[in-house]
Amino acid sequence: MAKKRIGILTGGGDVPGLNAVIKSVTYRGSEDDIEVVGLRRGWEALTHLNLDDPNSRSHYVIPLNRENTRTIDRRGGTVLHSSRVNPSKIKKLPDHLVGNDVPVSLSTSGGIATKTWDLTSRVLANLSGLGIEHLIAIGGDDTLSYAANLNELGVKIIAIPKTMDNDVRNTEYCIGFSTAITRASDAIQRQRTTVGSHERIGIFRVFGRDAGFTALYTAYATSIRCVIPEYKVDLNKLIQLLIEDKRANPSNYALIVLSEGAQWEGYKLREYGEPDAYGHRKKANVAESLADEIKQRTGEETITSDLTYDLRSGDPDFIDKLVALTFGNMAYDAMLESKTGLMSALVEGRYDLVPIPDAKLGPRKLDVASSYNTERYRPIYANKQGLPIFLNRAS
């Protein structure tokens with residue numbers, strides 16, 4: 001009798017903790033005589049795989065076992081690698097599919113027509129050809145939105161949320177968030193010496209396209225001001241507060257952290273580059289824009305520091321390793337029970353299985369009223385009794 005076979009993939013940006021999930025699922029599978037197959041480069045493995053080509057198979061499919069996963073949880077990143085491929089909107093067909101009858105669509109933006117192909121039928125065929133009976137998908141909003149589509153098409157799938165933005169719905173915590181805050185806090189504390197030595201205003205930029213969790217929690221931990229995407233601040237007031245902070249500081253400096261999607265009244269967020277597979281373009285550095293405004297309005301010198309990619313690099317901290325291992329084991333248990341369409345989560349501070357979020361709802365955002373002081377542009381520190389450990393509730 002053939003062994004049961006499950007697949008696992010990581011999509012989107014890497015974060016610390018992914019390898020711990022991969023190892024925990026692999027080790028559990030070895031104990032139950034279940035084959036675990038790693039799919040390289042996220043959804044690309046299932047869109048670009050050519051089952052008839054041995055080189056393609058070896059490139060995209062990795063049999064996982066105790067030997068090749070034994071030490072992977074000791075480091076960050078993902079041994080399965082990652083990509084931002086959206087199987088329903090492929091911009092360039094793999095060579096072996098050129099000339100095949102593949103659903104195509106045209107979209108126009110800014111007068112430019114773009115052709116994309118929907119390779120969902122290939123994803124289904126490759127899952128079947130590989131004999132994968134259950135799939136574990138680890139990712140953020142974009143990766144999990146396609147996981148939800150597969151679930152509706154009858155694929156047995158369990159999701160695990162990961163993103164340093166912590167903006168996946170239905171959970172209070174995503175793998176990578178704690179390490180990101182730890183990294184940001186450490187970097188800001190180190191750079192205090194330089195900002196203070198030169199008596200400047202230090203402006204730090206962190207990830208957070210649509211949600212300000214990373215900026216707010218960094219500010220919470222370091223006791224500095226922050227600007228988040230959910231609330232447009234008054235620029236004059238913000239600069240005045242920073243100047244007051246600087247003057248009141250014996251070392252004559254001030255600090256602030258901004259989400260990449262932060263804005264102020266009258267400021268239009270600028271984007272550049274080609275949209276990725278999910279329609280996202282890179283955002284211009286809002287920290288540089290704020291630095292220019294401060295210089296023009298006050299003459300004060302600034303130091304800007306982009307912390308974005310550094311926050312997702314390196315080894316996981318204890319919380320991310322704990323949550324990653326637990327999320328992985330929960331996903332594995334759900335798979336053993338033939339459950340599908342569910343995601344490992346933290347709800348009210350407790351581990352739970354919840355539905356994979358509805359992509360149409362968009363990313364989860366901060367509740368400004370309970371978490372952000374709109375007068376002081378700081379986190380709200382009061383009234384935390386009764387909240388879960390991560391100070392926010394799933395939505």
Side-chain angles (χ1 to χ4, degrees), residues 13 110 164-165 167 180-181 183-185 187-188 190-192 194-196 198-220 222-247 249 252-276 279-312 363 365-366 368 371-379:
M164 54 193 281
D165 294 350
D167 61 354
I181 305 305
R183 296 268 192 281
S185 301
I188 290 172
R190 286 195 305 272
Q191 292 186 43
R192 280 181 185 272
T194 295
V195 178
H198 294 276
E199 300 179 272
R200 296 186 180 183
I201 296 174
I203 308 172
F204 300 90
R205 176 181 180 248
V206 297
F207 274 132
R209 184 177 59 238
D210 301 297
F213 290 97
T214 307
L216 184 90
Y217 282 60
T218 298
Y220 193 102
T222 55
S223 298
I224 64 176
R225 300 190 193 272
C226 62
V227 185
I228 58 176
E230 293 89 344
Y231 186 83
K232 287 188 177 183
V233 301
D234 179 286
L235 181 59
N236 288 328
K237 182 177 178 179
L238 174 64
I239 293 175
Q240 179 185 349
L241 288 169
L242 290 173
I243 296 299
E244 290 175 359
D245 288 347
K246 187 173 185 289
R247 299 289 181 262
N249 189 326
N252 194 35
Y253 75 93
L255 303 175
I256 185 169
V257 59
L258 309 175
S259 299
E260 62 175 318
Q263 298 183 60
W264 48 84
E265 296 292 344
Y267 173 73
K268 182 172 177 56
L269 199 63
R270 296 185 295 276
E271 298 181 327
Y272 64 95
E274 289 293 317
D276 66 15
H280 307 307
R281 299 174 67 203
K282 292 182 178 179
K283 297 191 183 304
N285 193 328
V286 67
E288 297 287 354
S289 297
L290 179 58
D292 290 342
E293 292 286 355
I294 292 173
K295 177 67 174 177
Q296 291 172 15
R297 294 172 185 237
T298 69
E300 290 283 350
E301 297 290 338
T302 62
I303 293 177
T304 60
S305 184
D306 191 349
L307 303 180
T308 49
Y309 286 99
D310 188 49
L311 305 193
R312 66 164 41 141
K365 298 188 177 184
L366 280 168
V368 172
S371 61
Y372 187 60
N373 187 324
T374 57
E375 291 298 316
R376 294 168 53 81
Y377 303 150
R378 290 182 180 275

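Worth knowing before you read on, the calculation uses all heavy atoms, side chains too, and leaves out hydrogens, waters and symmetry mates.
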Using the side-chain contact (heavy atoms from CB on, under 4.5 Å) rule, take Ile181 and Thr214 through it: C-alpha gap first, then chi angles, then the decisive distance, then the call. CA-CA 6 Å; Ile181 305 305; Thr214 307; 4.0 Å; yes

Tell me if a side-chain donor or acceptor on Glu199 pairs with a main-chain N or O of Tyr253 at a distance below 3.5 Å. no

What closest approach, in Å, do Ile203 and Ala287 show between heavy atoms, and which atom pair accounts for it? CG2-CB, 3.7 Å

Residues that Phe207 engages under ring-ring contact (aromatic ring centres under 6.0 Å, His included), provided they are two or more places apart: Tyr309

Under the side-chain contact (heavy atoms from CB on, under 4.5 Å) rule, what do Ile256 and Leu238 come out as? Steps first, then yes or no, please. CA-CA 10 Å; Ile256 185 169; Leu238 174 64; 3.5 Å; yes

Closest non-hydrogen atom pair between Val206 and Leu311, with its separation: CG1-CD1, 3.7 Å

Between the main-chain N or O of Ala219 and the side-chain N or O of Arg378, is there a donor-acceptor pair closer than 3.5 Å? no

List the steps and the verdict of side-chain contact (heavy atoms from CB on, under 4.5 Å) for Leu290 and Tyr267. CA-CA 10 Å; Leu290 179 58; Tyr267 173 73; over 6 Å; no

Considering all heavy atoms, the nearest Pro379-Ile224 contact: CD-O, 4.1 Å

Looking only at non-hydrogen atoms, find the nearest pair between Asp167 and Ala211 and report the distance. CB-CB, 3.8 Å

What residue pairs, at least two apart or across chains, pass salt bridge (charged side-chain N to carboxylate O under 4.0 Å, His left out) with a residue in residues 230-244? Lys237-Glu375

Does Arg225 use its side chain to pair, donor to acceptor, with the backbone of Arg376 at less than 3.5 Å? yes

Residues that Pro229 engages under side-chain contact (heavy atoms from CB on, under 4.5 Å), provided they are two or more places apart: Ser259

Partners of Thr298 by side-chain contact (heavy atoms from CB on, under 4.5 Å), sequence neighbours excluded? Ile239, Ile243, Ile294, Glu300

Minimal heavy-atom distance between Trp264 and Val286, with the atoms involved, is CZ3-CG2, 3.8 Å

Steps toward side chain to side chain donor-acceptor pair (under 3.5 Å) verdict (Ser305, Gln191): CA-CA 9 Å; Ser305 184; Gln191 292 186 43; 3.2 Å; yes

To the nearest 0.5 Å, how far apart are NZ in Lys246 and CG in Leu241? 15.0 Å

Across all chains, not counting sequence neighbours, the side-chain hydrogen bond (donor to acceptor under 3.5 Å, both in side chains) partners of Ser371 are none

Which pair of heavy atoms, one from Ala215 and one from Val227, lies closest together, and at what distance? CB-O, 4.2 Å

Given side chains that start at C-beta, do those of Thr304 and Asn285 come closer than 4.5 Å, heavy atoms only? no

Which residue pairs satisfy the salt bridge (charged side-chain N to carboxylate O under 4.0 Å, His left out) criterion with at least one member in residues 301-312, sequence neighbours excluded? Arg205-Asp306, Lys295-Glu301

To the nearest 0.5 Å, what is the distance between CG (Leu366) and OH (Tyr372)? 10.0 Å

